[in-house]
Number of protein chains: 2
Amino acid sequence: MIPKKTSARRAPVAPPGEALRARGLRLTGPRRVILEVVRATDRHPSVAAVYAEVRRRLPRVSLGTVYRNLRCLAAEGLVRERAEPAGLRFDGNLAPHDHFTCVTCGRVLDIPRRRVAPPPHPPAPGLRIMSHRVEFYGRCGACRRRAAAPTPQRRRDDGR
Amino acid sequence: MIPKKTSARRAPVAPPGEALRARGLRLTGPRRVILEVVRATDRHPSVAAVYAEVRRRLPRVSLGTVYRNLRCLAAEGLVRERAEPAGLRFDGNLAPHDHFTCVTCGRVLDIPRRRVAPPPHPPAPGLRIMSHRVEFYGRCGACRRRAAAPTPQRRRDDGR
DNA sequence: GTGGCTGCAAATCATTTGCACTTTC
DNA sequence: GAAAGTGCAAATGATTTGCAGCCAC
């Protein structure tokens, strides 16, 4: 089961139906639930994780439908795709934010971006920058604490 | 065929044999060529692209060998893995640098990082930052120019 | 009513793995 | 000579697709 979000500040979001209808897409049951599931967590769920959670509410949805919808919701900008080394993930937080990846447990945390920060340094000439994103790597508090005690720990988030 | 690198400033690199032997790994023909191929370009080749290029020099290498070696070279830190939406890519540039992704043609350019830049803004408390990486998105010069003329263009880099 | 959407199952594509044979050290 | 590495082919896993029926508009 996907845990609820912890303390993420989210941008106020328009009702889903609008953006969809504007492009001739329908707001169906599965689609709505898939969107709700991705938005309800800050764990950046994998496709499999979204599928599992959606099935708890709609036991008949198929994996294909989840794939199709995540793809189309991402194309509409209603969720964001994240390519991680372990595979594709989805981020329902549409507010501008960066990410922190714990190199020990693999969890990815949202880092809210303080107001409209300019790109951290000017890149090469000739390029028109439209946006940027910062990925931090390090160790989260829990893993730092655990590192002191010799208790074995999960190497990576299992993706659910 | 993988184009040569353009103008990337690379960190001076130790001869491949050392880092490998230090970990009980052998410097074989395929392994050496795979490393050379990834290092010789700044195009961030996919596995398939590396395979194609390596085969031009060693026609008998198998795809499995390329996978195994890229994985192990990445584990040794001799190349870097990049998870992109289109799939796994490899980066032979070991100097600290950021990336610029052209949203039109999909190409990823290396952005050299001016000296040791501190993280662009302090992230959340409780996290120990070990490194960070910046991804820029926008349009490259070529695509900006082409946008003026109504010539159709490749939507995305084909990954080779 | 109709076109988009769905579930299902089969097809495709990427990646990994088992094994007998080579090669490096 | 032993262990690591290789080629090959088969296995696994992830994602996509075809299609007949369903449902939102």
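None of these values were measured; they are calculated from a predicted model. In what follows, chains carry the letters A, B, and so on, assigned in the order in which the sequence lines appear, proteins first and then strands, with residues in each chain numbered from 1.
Computed from coordinates, the B:Glu84 CD to C:dA14 C1' distance equals 16 Å when rounded to whole Å. Remark: C1' of C:dC5 and CZ of A:Arg21 are 15 Å apart, rounded to the nearest angstrom. In this structure, CZ of A:Arg23 is placed 18 Å from C1' of C:dG3, rounded to the nearest angstrom. Straight-line distance from the CG atom of A:Leu25 to the P atom of C:dT6: 10 Å, rounded to whole Å. Between A:Leu27 atom CG and C:dT6 atom P there is a gap of 10 Å when expressed in whole angstrom units. Rounding to whole angstrom units, CZ of residue A:Arg26 and P of C:dT2 are separated by 13 Å. A:Arg55 has its CZ atom 13 Å from the C1' atom of C:dT6, to the nearest Å. Taking atom CG of A:Leu88 as the reference point, atom P of C:dA14 lies 15 Å away to the nearest angstrom.
Rounded to 10 degrees, the angle between the two end axes of the helix from C:dG1-D:dC25 to C:dC25-D:dG1 is 50°, with five pairs used at each end.
For A:Arg68 and C:dG7, a side-chain-to-base donor-acceptor distance below 3.5 Å is present, hydrogens and geometry of angles not being considered.
At least one donor-acceptor pair closer than 3.5 Å links the side chain of B:Arg144 to the backbone N or O of A:Gly126.
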What's the verdict on side-chain hydrogen bond (donor to acceptor under 3.5 Å, both in side chains) for A:His44 and A:Asp110, showing C-alpha distance, side-chain angles and the deciding distance?
CA-CA 9 Å; A:His44 311 103; A:Asp110 288 349; 2.8 Å; yes
Could you walk me through whether A:Arg55 and A:Val61 pass side chain to side chain contact (heavy atoms under 4.5 Å, CB included), step by step?
CA-CA 6 Å; A:Arg55 276 198 93 129; A:Val61 284; 3.7 Å; yes
Could you please spell out the steps behind the side chain to side chain contact (heavy atoms under 4.5 Å, CB included) verdict for A:Leu27 and A:Leu35?
CA-CA 10 Å; A:Leu27 185 53; A:Leu35 178 55; 5.9 Å; no
Just do the side-chain hydrogen bond (donor to acceptor under 3.5 Å, both in side chains) check on A:Asp91 and A:His99 with the steps written out, would you?
CA-CA 11 Å; A:Asp91 187 345; A:His99 292 102; 3.0 Å; yes
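Nucleotides of DNA chain D that come within less than 4.0 Å of any heavy atom of chain B span, from the 5' end to the 3' end, D:dA3 to D:dC8.
Summary of the strand contacts: B:Thr65 and A:Thr65 both lie near DNA chain C, and taking for each the nucleotide with the nearest heavy atom, the more 5' one is attributed to A:Thr65. The nearest heavy atom of DNA chain C to B:Gly64 and to B:Thr28 marks one nucleotide each, and the one closer to the 5' end goes with B:Gly64.
For the OP1/OP2 pair of C:dT16 and a distance below 4.0 Å, the side-chain nitrogens and oxygens of B:Arg71 include at least one atom meeting the criterion. An OP1 or OP2 oxygen of C:dT16 is reached within less than 4.0 angstrom by no side-chain nitrogen or oxygen of B:Tyr67.
For the side chain to side chain contact (heavy atoms under 4.5 Å, CB included) with A:Leu63, the qualifying choice from A:Val50, A:Val54, A:Val47 is A:Val47, the only one to do so.
Between B:Pro45 and B:Thr41, the shortest heavy-atom distance links the atoms CD-CG2, 3.8 Å. When all heavy atoms of A:Cys143 and A:Arg139 are compared, the closest pair comes out as CB-CG, 4.0 Å.
Taken from CZ in B:Arg133 to NE2 in B:His97, the straight-line distance is 8.0 Å, to the nearest 0.5 Å.
Ionic pairing of A:Glu36 and A:Arg39 is not present here: no N-O contact between side-chain nitrogen and carboxylate oxygen is shorter than 4.0 angstrom.
B:Arg32 comes within 4.0 angstrom of nothing in the nucleic acid, heavy atoms only.
Candidate nucleotides C:dT6, C:dC19, C:dT15 were compared by shortest atom distance to the side chain of B:Leu63, and C:dT15 ranks first.
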